[in-house]
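Taking it in order: structure first as structure tokens, then the write-up.
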Amino acid sequence: MQSIELPEFINFDFNLVETWSGRISLLIVDKKLSSTGVRLNKKMNGALQRAVESKLFDDLKEGEGLVLAFPTGLNAESIQIVKLYSKSRTLVARYCGSNISLFKGDSDHLLLLGSNKIMQEILFGFSLKNYRFNTYKKSKKYKENFKIFCMVADVSRATEEAKWYHSVISGTYFTRDLVNEPANILGTVEFSTRLQEMKHVGLEVQILDEAELKELGMRSLLAVGQGSESPSKVAILKWNGGALDIKPLILVGKGVVFDSGGISLKPAGGMEEMTMDMGGAGLVAGIMKTIALRRSKTNVIGLIGLVENMPDGKSQRPGDVIKSMKGDTIEVINTDAEGRLVLCDLLWYAQTSFTPSAIIDFATLTGAIIVGLGHENAGLFSNSDKLSNGILNSAEIEEEGVWRLPLSETYDRLLKSRIADMANVGGKTAGAITAAKFLQRFVSSGVPWAHIDIAGVAFLKSSHRYGPRGASGWGVSTINRFIIDHIENKKDSKYG
Ligand code: BES
Ligand code: ZN
Ligand code: ZN
């Protein structure tokens with residue numbers, strides 16, 4: 001597991017700045033030197049002022065930085081100056097933090113962010129970008145025992161304000177850790193163990209085993225895992241932060257720890273990426289961790305389906321007919337369209353065992369969503385404009401891409417089966433939509449429901465603004481924001 005690199009807050013002390021032997025980052029707001037900047041500039045014989053007036057600095061975008069190495073008059077190894085304006089808002093501040101974390105080195109790092117109101121947002125961007133998954137690497141580029149300090153005017157206030165951000169970063173790191181783990185390390189059993197450990201943050205955790213799932217009638221979910229040595233499991237995570245009569249929001253996650261395709265085996269190229277097919281489960285786990293850490297005042301339930309899709313003598317076959325928990329039969333045309341077989345039973349369970357205010361499911365469900373939206377946006381499908389708009393609004397605030405796609409009735413006929421109530425695939429066209437239509441068959445019409453296909457956004461091939469390549473942790477911020485703005489603060493009375 002990765003430790004969270006949060007800076008330590010220390011009291012402002014110019015003597016310490018002067019004698020600091022590592023790296024220093026300094027904010028330049030509105031191209032003016034702060035009082036610390038003026039003092040540093042004096043020590044540096046005016047070099048700081050010259051840098052601020054240079055074309056190099058002028059060409060920087062808001063939030064970007066410039067590094068001056070071995071500054072005269074100071075003890076420091078290097079000093080980074082970062083451009084910001086007093087009108088800069090949240091998202092620029094996060095970008096600024098992400099740029100500060102690009103100031104690499106292996107010496108202690110001192111952040112001089114002053115008493116800037118958006119300091120916490122800067123640190124948030126910094127920590128998101130600073131994430132590494134180095135568990136299995138022998139050599140590390142930078143020694144990892146350097147420390148990060150943030151000098152502030154009021155240590156206790158800064159520490160208090162950092163708690164909220166820390167909860168979101170912890171949740172995002174948790175999602176990234178889970179999604180980055182290979183399948184030989186994180187099978188269904190190990191995943192459920194990591195979920196059990198969440199009891200320490202105050203979540204109620206229950207794990208259902210195969211016998212219990214059979215008893216409940218989750219044959220569709222069980223059919224996916226029947227070719228694997230790893231037992232299928234369902235995890236139920238409960239956060240009871242609100243009054244008993246507040247209906248819970250239910251978050252459902254696809255947790256296919258490895259998706260080989262099953263008997264409809266995937267081609268070899270890129271198959272290794274299918275260790276991330278538990279991205280929906282990882283996301284639900286991360287959101288639950290965040291809301292528990294910040295002691296959310298509402299009720300949320302996470303339902304996670306853990307299975308492995310493998311070819312074997314016991315695997316389900318193309319052509320098999322299975323009976324879902326709802327009672328509808330499904331003809332399995334393609335065993336690689338397994339995510340929907342897991343989710344349909346979880347959706348039905350969510351509605352029959354609880355009284356949800358709304359259900360949101362998350363899944364790395366289709367390659368088709370990547371064809372349509374690339375890696376910039378997750379695909380959103382919903383039977384409720386209110387729920388959908390709430391999610392879109394929260395995603396915009398948190399700068400995470402989501403795009404709504406249609407769920408029109410006309411797509412439904414593509415799921416017709418010759419011998420069963422439905423087929424598990426809908427043919428060559430509109431693959432992400434037919435997958436969503438399949439799920440909708442398991443949602444009663446009065447229940448607000450959203451399905452988010454995160455196949456394109458959960459795992460990225462190159463590094464990005466807020467993190468390295470690999471698991472992105474997409475969605476923890478958005479759904480946490482949704483819970484705060486649209487449930488806890490009751491902007492929207494329909495949920496919660
Ligand atoms: N897990 C995959 C979808 C996926 C693809 C996730 C690429 C992340 C990256 C899913 O189970 C799958 O295989 N879907 C098939 C469905 C098809 C057989 C109808 C697909 O999209 O090809
Ligand atoms: Zn598949
Ligand atoms: Zn899959």
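Computed from a prediction, not measured in an experiment: that's the story for all the values here. For the numbers below, each heavy atom of this structure counts, side chains included, while hydrogens, waters and symmetry mates do not. Just so you know, residue 1 is the first one in the sequence shown, and it goes up from there. Atoms within a ligand are numbered from 1 in the order they appear, just like the ligands themselves.
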So for ligand 1, is Lys254 a polar contact partner (N or O within less than 3.5 Å, distance only)? yes
Residues Val168, Trp164; criterion side chain to side chain contact (heavy atoms under 4.5 Å, CB included); working and verdict: CA-CA 7 Å; Val168 188; Trp164 187 92; 3.8 Å; yes
Can you find a heavy atom in the side chain of Pro318 that is under 4.5 Å from one in the side chain of Ile263? yes
Verify the distance criterion only: is there a donor paired with an acceptor across the side chains of Ser296 and Glu488 at less than 3.5 Å? yes
With Phe459 as reference, evaluate Asn180, Thr275, Thr364 under the side chain to side chain contact (heavy atoms under 4.5 Å, CB included) test and give the passing residue. Asn180
Are Thr335 and Arg317 close enough that some pair of their side-chain heavy atoms sits under 4.5 Å apart? no
When you check the side-chain N and O atoms of Asn240 and Glu204, is any donor under 3.5 Å from an acceptor? yes
Basic-acidic side-chain contact under 4.0 Å: Lys266, Glu273: no
Nearest candidate to atom 11 (O) of ligand 1, where distance is taken over non-hydrogen atoms, out of Arg340, Met276, Met278, Glu338: Glu338
Give the atom numbers and elements of ligand 1 that come within less than 4.0 Å of a heavy atom of Ile370. 7 (C), 9 (C)
Sub-4.0 Å heavy-atom contact, Glu273 with ligand 1: no
Out of Asn334, Asn309, Asp277, Asp336, the nearest non-hydrogen contact to atom 15 (C) of ligand 1 is supplied by Asp336
Ile185 side chain reached by Thr135 side chain, heavy atoms, under 4.5 Å: no
Quick check: does Lys254 put an N/O/S atom under 2.8 Å from the Zn ion (ligand 3)? yes
Could you check whether Glu121 pairs with Arg89 (Lys NZ or Arg NE/NH1/NH2 to Asp/Glu carboxylate O, under 4.0 Å)? no
Report yes if Asp259 has an N/O atom closer than 3.5 Å to an N/O atom of ligand 1; otherwise report no. yes
Nearest to the Zn ion (ligand 3), which N, O or S atom of Asp259 do we find? OD2
How close does the nearest protein non-hydrogen atom get to atom 9 (C) of ligand 1, and which residue and atom is it? Met274 CE, 3.5 Å
Select one of side chain, backbone, both or neither to describe which atoms of Leu365 lie under 4.0 Å from any atom of ligand 1, heavy atoms only. backbone
Students should be able to answer this: which protein heavy-atom is nearest to atom 21 (O) of ligand 1, and at what distance? Gly367 N, 2.6 Å
Given Ala337, Ala363, Gly270, which has its nearest heavy atom closest to atom 17 (C) of ligand 1? Ala337
Polar proximity ligand 1 side, Val425 side, N/O cut 3.5 Å exclusive: no
Is the distance from the Zn ion (ligand 2) to some N, O or S atom of Asp277 under 2.8 Å? no
Do Asp421 and Thr329 get their side chains close enough for a donor-acceptor pair, meaning under 3.5 Å? yes
Measuring from the Zn ion (ligand 2), name the closest N, O or S atom belonging to Glu338. OE1
